[in-house]
Structure formats: C-alpha cells, structure tokens
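Note sheet for the following structure.
Residue numbering restarts at 1 for every chain, and letters A, B, ... go by the order of the sequence lines.
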Amino acid sequence: MNETVAALLREYAELTVITGGDPFRTRNYERAARSVAGHPVDIGELDDGALQRIPGVGKSIAAKIAEFRDTGSIGALEELRARIPAGVRELTRVPGLGPRRALQLNRELGIGDVTQLAEAIKAGKLRDLDGFGVKSEERILRGLAVLNTERVTLDVALDTATSLIGALAPLSERCEYAGSLRRWRETIGDIDILAATRDPAAVTAAFAEHGDEVLVSGPTKTTIRTAGGLRADLRVIEPEVWGAALRYFTGSQAHNVAVRALAVKRGLKLSEYGLFRGQDLIVSRTEEDIYAALDMGWVPPPMREDTGEVEAALRGEIPALVQLPDIVGDLHTHTDLTDGVASLEEMIRAAERRGYQYYAVTDHAPNLVMQRMTDEKMLAQRAELSRLDSSMELLHGTELNIAPDGSVDWNADFLAAFDIRVASVHSHFDQDRREMTRRFVAACENPYVNIIGHPLTRKFGRRYAVDVDFGELFRACARTGTALEINASPARLDLPSGHIRAAKDAGVKFAIDTDAHSVPQLANLKYGVGTAQRGWLTAEDVVNAWPLPRLREFLVKRA
DNA sequence: GCCGTTTTCGGCCCGACTGTTTTCAGTCG
C-alpha cells in the first residue's frame with residue numbers, strides 16, 4: 001500500500017510539473033511521496049489524524065490517500081491524467097529530458113514514447129525546434145542509452161517473486177525463486193520460480209491467476225506477464241529432482257555449460273532432472289549432492305558466473321562468503337536533518353531492532369547546498385546523538401562531497417571531530433578520466449576520508465557511471481587505508497561485483513552500507529551483501545563486519 | 001500543499017551547468 005500510494009503521489013507531482021503548476025506544491029507532493037514510501041507502518045491501517053502526522057501529508061493529501069484506500073483511485077489524479085497526452089510522462093524518464101521539453105516534443109512533433117524519440121533524433125528533427133540544437137540531440141541520445149526499460153531493480157524483482165511464492169508455497173512441497181534473482185544479479189530481466197509438487201495443475205492455475213496475461217502455458221512451464229510488466233516463468237517439477245532443477249534454473253548459463261562439460265568428461269550426463277550415468281540416475285535431490293558427485297564443493301549462487309568458481313570448487317577453495325548476519329553495523333545513513341524522512345531517534349531505534357553493534361549517522365555536508373547543512377546543525381546533531389541511550393555504539397559521521405579538485409567540505413579540525421567520514425561525488429560527473437581519477441585519488445589521500453561512497457555514482461536507468469581509472473583508484477585506496485563502499489541501494493549497487501573482485505585483488509577493504517534515507521531502507525543491506533558475494537568477499541574484507549575496536553583502528557588513517 | 005519558539009499567511013531547497021540564447025530556460029543533485 002505505501003509504495004503504491006507513493007507512486008501515485010509521485011505521478012501527481014510529475015504531472016503538475018508538466019502542467020506548470022506551483023513548484024512548491026509539486027515539491028510538497030514529492031516530499032509526501034518520499035515520506036509515505038519510507039513510513040514504517042502500512043498507511044492503509046491509519047486513520048485521518050495519523051495520516052496527517054506523516055511529514056508532508058496534510059488535509060488535502062490525507063484525503064487523497066483515504067480516497068484511494070476507499071475507492072481504489074484518486075479523482076484529481078485521474079483528471080490530470082486525462083489532460084496530459086499519454087507518453088509525455090514516459091519521455092520525462094529520459095535523463096536530460098525534463099517535463100517542459102517532453103511536452104514540447106509531444107506538441108510539436110507528436111512524439112509519444114521513447115522509440116519515437118529515438119527515431120526523431122536519428123532523423124535530425126529535434127535540432128530545428130526552439131531551444132533545441134545538435135547538442136541537445138546528443139544529450140538525449142546518451143540519456144536513452146542509460147534508460148533500460150527491459151530490466152528491473154532487485155527490490156522490484158524480489159517483491160514480485162516473494163508474492164508469487166506466497167501464493168504457490170501452500171500448494172507445493174517446495175517453492176523458491178531461481179535464476180538471476182537467486183544469483184543477486186544487479187538487475188533482473190525476468191523471474192524464475194521453481195515449484196516441486198504432486199499437483200502441477202493446481203500450482204500452474206494459481207500462477208496463471210497472478211498474471212495480467214499468460215504468455216506460455218504447458219504441463220511443466222508457464223510464463224506470465226505481471227501487472228508490473230515483468231515476465232515470470234514457473235517450472236513445475238517432481239520433488240525428487242529438486243536439487244537438479246534448482247541448480248539448472250539458477251544458472252548462469254555459462255556456469256551450467258562449464259559444469260556440464262565436467263560431467264561429460266567423466267562420462268556422465270547432467271540435466272535439470274539429475275546427474276546420470278547412461279540411463280541410471282546418480283543424484284538429483286539436492287544441489288550439494290550434485291556438486292559432490294562431481295568432486296566439487298557447493299558453489300554459492302552469486303558466484304555461478306563461470307569466472308573461476310568451477311576451478312575453485314574443484315580445488316575445494318570456495319571462499320567463506322560474507323553473510324548478512326556478519327554485518328554488525330551500518331556506516332552510511334541519513335536523517336531528516338538533511339534529505340532523510342525519519343528522525344535521528346527513529347533511525348537509531350530501527351537500527352537497534354536489526355541487532356547492530358554500532359551505527360553511523362552520516363548526513364550531508366554543506367557543499368551540497370540544497371541540503372542546507374551548517375556547522376551549528378551538525379554540532380547540535382552530535383550533541384543529540386550523545387544524549388541518546390542505545391544498545392549500539394553510536395558513531396557521528398558525515399557524507400562529504402568530493403569537489404572537482406578532490407577537496408572536501410570543512411577544514412581539518414572540523415573533520416577530525418567526526419568518528420567517521422564517507423566522501424562521495426555528487427556533482428561534475430562528466431570530468432574526463434584523468435581529472436576524475438586525480439579527483440578520487442586526492443579524496444583517498446585526505447587523512448580524514450574513510451570510505452568512498454557509491455564510487456561509480458551510477459543509477460540504473462537514470463545516470464551513467466563516471467569515467468575513472470579504477471586500477472589507480474584501487475591502488476590509492478589500498479595505499480591510504482580508504483575503504484570502498486558497496487552501496488546497497490537497489491538503484492545503485494555501487495561498487496558492482498566485477499570492480500569488487502579487482503579491488504580486493506589490489507588489497508582494498510569494503511564497507512557494505514545502505515545509504516538509508518528512511519527506516520525501511522535499512523533493510524536494503526541484503527542487496528549489498530549479495531553484491532559483495534558476487535565479488536567473492538569474505539567477512540574479513542568488510543570493515544563493518546569487524547568488531548568496533550578493529551573498525552576504530554581502521555578509521556584512524558596513517559599519514 | 002504543508003507548516004508554524006504559529007493562530008493566519010508568508011515562506012518553503014539553492015546553485016551550477018548547459019545550450020541556446022542575446023538575458024535565460026531547462027535540468028540536475
């Protein structure tokens with residue numbers, strides 16, 4: 001309910017921008033959307049008074065939420081939808097193309113979706129419009145390249161998979177998701193569900209009911225398109241072949257090819273039904289059985305990409321990957337002092353419920369002007385933090401801004417008084433590789449910078465990665481004792497796994513952090529852990545898996 | 001549309017960059 005309503009409020013805000021309404025009103029709808037999405041309890045349960053206590057929600061928005069709860073739609077939103085040509089909102093998804101120009105393109109060229117937009121640019125039609133030029137065409141083209149409508153982020157995929165499994169599990173002996181989601185790939189193209197059952201027809205029927213559309217339907221395989229537009233595959237199997245099927249449908253294809261080749265070399269046959277010698281089944285019940293029968297250790301799904309894990313498993317050298325419970329603190333979080341939606345105390349209480357040993361509050365620093373941070377506000381937060389009783393050790397930190405020349409906010413004295421400092425790039429994303437590399441290296445060499453936050457600064461579908469010489473960055477991190485963040489936000493997953501492995505080889509340590517701006521986002525940590533597992537990390541590599549004394553030692557950099 | 005060292009309406013998140021202008025609009029974080 002919260003995410004649904006938040007999406008409607010966001011849509012309302014976007015549509016008011018397109019119509020050119022009061023920008024403060026728009027901003028308030030955006031704020032209400034963020035608050036609702038980050039609200040810790042289901043807003044469907046709240047009465048009018050409780051709704052209006054959500055920050056940014058007053059009389060009018062509370063009424064709209066109640067209207068949606070009671071009728072399933074919001075009249076004012078429907079009116080706006082009717083007034084604005086379909087497709088204009090889709091066009092505003094393109095980075096570099098905002099609401100005004102999207103509307104202009106629709107009015108003057110009749111462009112109604114991204115495909116038509118791409119065609120119009122190819123035909124050189126945009127450059128002749130008022131306010132457009134060749135550079136605008138190039139900019140929008142780059143935006144189109146980063147916009148990927150085919151894949152979804154991990155949180156969307158996991159929510160969909162979880163709800164499907166919830167419906168099928170009561171009818172199955174076992175039911176789990178496989179495929180790229182089980183491997184924690186960073187974005188997901190379609191969802192694979194595996195169900196072991198004696199009653200395939202019932203499971204298949206329940207699955208089909210969850211689709212907007214049934215694309216394929218047979219005795220063992222059914223494909224639907226969900227209401228969210230995501231494709232989901234169901235494979236129905238006999239319980240006896242669970243392990244073989246789960247392994248097969250988890251992939252990756254490259255991993256499966258490599259493992260099957262091993263089987264063939266031993267005169268065996270491997271399929272989704274089991275490991276066979278001739279017609280004789282050897283094993284099929286569990287994944288462990290199958291790998292063991294091939295003289296390999298079990299390979300954790302995130303490693304199954306045929307990037308060395310098969311050889312490692314044959315040598316018995318699969319690393320003990322870092323696990324979610326190994327993480328004993330979050331080192332990058334925000335509050336409503338800057339752009340978070342929950343108070344300091346709310347965030348801390350929620351973190352306590354996760355059982356952390358320590359927790360760092362790292363609100364934005366002054367050079368990100370829109371956040372309106374001041375020395376006084378930061379010191380007041382520190383005082384408030386020291387007054388709070390907590391089962392966790394509370395660390396006062398900040399997220400600094402790495403300026404184009406590599407410098408950060410505040411002077412040395414002020415920086416030294418924090419327990420921990422994350423530093424991130426928030427502007428000037430288009431520097432060339434030399435400048436950008438120098439910028440990051442300078443930040444690493446700053447004696448107070450402990451963690452480089454979301455190093456690529458990419459956002460799926462919204463922003464491409466910065467151009468950096470990663471080899472040089474990794475060496476600088478290792479040399480200076482600066483950790484790289486694995487930002488667990490499903491929109492970022494930054495660093496990605498390929499870079500993680502290279503950085504680890506260079507001797508870098510990591511911090512898996514949520515960058516949470518609300519209470520529910522604290523639970524995003526699992527996506528960061530999955531990404532770290534894809535990068536073959538162990539708890540030893542991750543500074544926030546360490547006990548506090550060891551972490552504190554790491555936070556004091558050597559000159 | 002919301003909010004208030006609040007009672008009735010003014011202020012709310014600011015500044016830089018870009019490309020297209022000829023003084024600025026659009027977009028972004």
Sidechain-backbone polar pair: T71(A) side chain, F68(A) backbone, donor-acceptor under 3.5 Å: no

Ring-ring centroid check H428(A) H426(A), cutoff 6.0 Å: no

Taking only the P atom of each, what is the distance from dT22(B) to dG29(B) in whole angstrom? 28 Å

Starting at NE2 of H334(A) and ending at P of dG29(B), how long is that distance when rounded to a whole Å? 15 Å

Mind calculating the distance between CZ (F132(A)) and P (dG26(B)) to the nearest angstrom? 10 Å

H428(A) vs dA16(B): side-chain N/O to OP1/OP2 distance below 4.0 Å: no

Is S136(A) close enough to dT20(B) that one of its side-chain N or O atoms is under 4.0 Å from OP1 or OP2 there? yes

Heavy-atom nearest nucleotide on DNA chain B taken for K59(A) and for R100(A); more 5' hit belongs to K59(A)

Pair partner, dT8(B) [Watson-Crick or wobble, under 3.5 Å]: none

Quick check, are the ring centers of F418(A) and W410(A) under 6.0 angstrom apart? yes

What is the separation between atom CG on D430(A) and atom C1' on dC28(B), rounded to the nearest whole Å? 11 Å

Heavy atoms only, 4.0 Å cut-off, all strands: where does V134(A) land among base, sugar-phosphate and nothing? sugar-phosphate

Taking atom C1' in both dG15(B) and dC9(B), what distance in whole Å separates the two? 28 Å

Under 4.0 Å, heavy atoms only, any strand: does L368(A) hit a base, just the sugar-phosphate, or nothing? nothing

In whole angstrom, give me the gap between the P atoms of dT20(B) and dT27(B). 13 Å

Report the distance from atom CG of D130(A) to atom C1' of dG19(B), rounded to the nearest whole Å. 13 Å

Can you check the E138(A) CD to dT20(B) C1' distance for me, whole Å? 14 Å

Between D409(A) and N401(A), does a side-chain hydrogen bond (donor to acceptor under 3.5 Å, both in side chains) hold up when you go through it step by step? CA-CA 6 Å; D409(A) 317 58; N401(A) 307 290; 3.0 Å; yes

Value in whole Å for how far the C1' atom of dG1(B) lies from CZ of R31(A): 11 Å

Taking only the C1' atom of each, what is the distance from dT8(B) to dC3(B) in whole angstrom? 12 Å

Expressed in angstrom and rounded to an integer, what is the separation of R463(A) atom CZ from dT27(B) atom C1'? 13 Å

L97(A) or P55(A), whichever maps to the more 5' nucleotide of DNA chain B: P55(A)

Do T16(A) and Y29(A) meet the criterion of a side-chain donor-acceptor pair at a distance under 3.5 Å? no

Between the side chains of E30(A) and R27(A), is the shortest nitrogen-to-carboxylate-oxygen separation below 4.0 Å, so that they form an ion pair? no

Expressed in whole Å, how much space separates the C1' atoms belonging to dT6(B) and dA16(B)? 35 Å

Say we look at dT18(B) and dT23(B): how far apart would their C1' atoms be, to the nearest angstrom? 15 Å

Pair R349(A) + E345(A): basic N to acidic O under 4.0 Å: yes

Could you verify whether a donor N or O on one side chain and an acceptor N or O on the other, from S180(A) and R185(A), lie under 3.5 Å apart? no

Nucleotide dC3(B), atom C1' - distance to CD1 of I54(A) in whole Å: 16 Å

If you restrict it to nitrogen or oxygen atoms, what contacts under 3.5 Å exist between nucleotides 11-13 of chain B and the protein, and what is each distance?
residue, atom, partner, partner atom, Å
dC13(B), O2, M370(A), O, 2.6

Roughly how far apart, to the nearest Å, are dC13(B) and dG1(B) at atom C1'? 16 Å

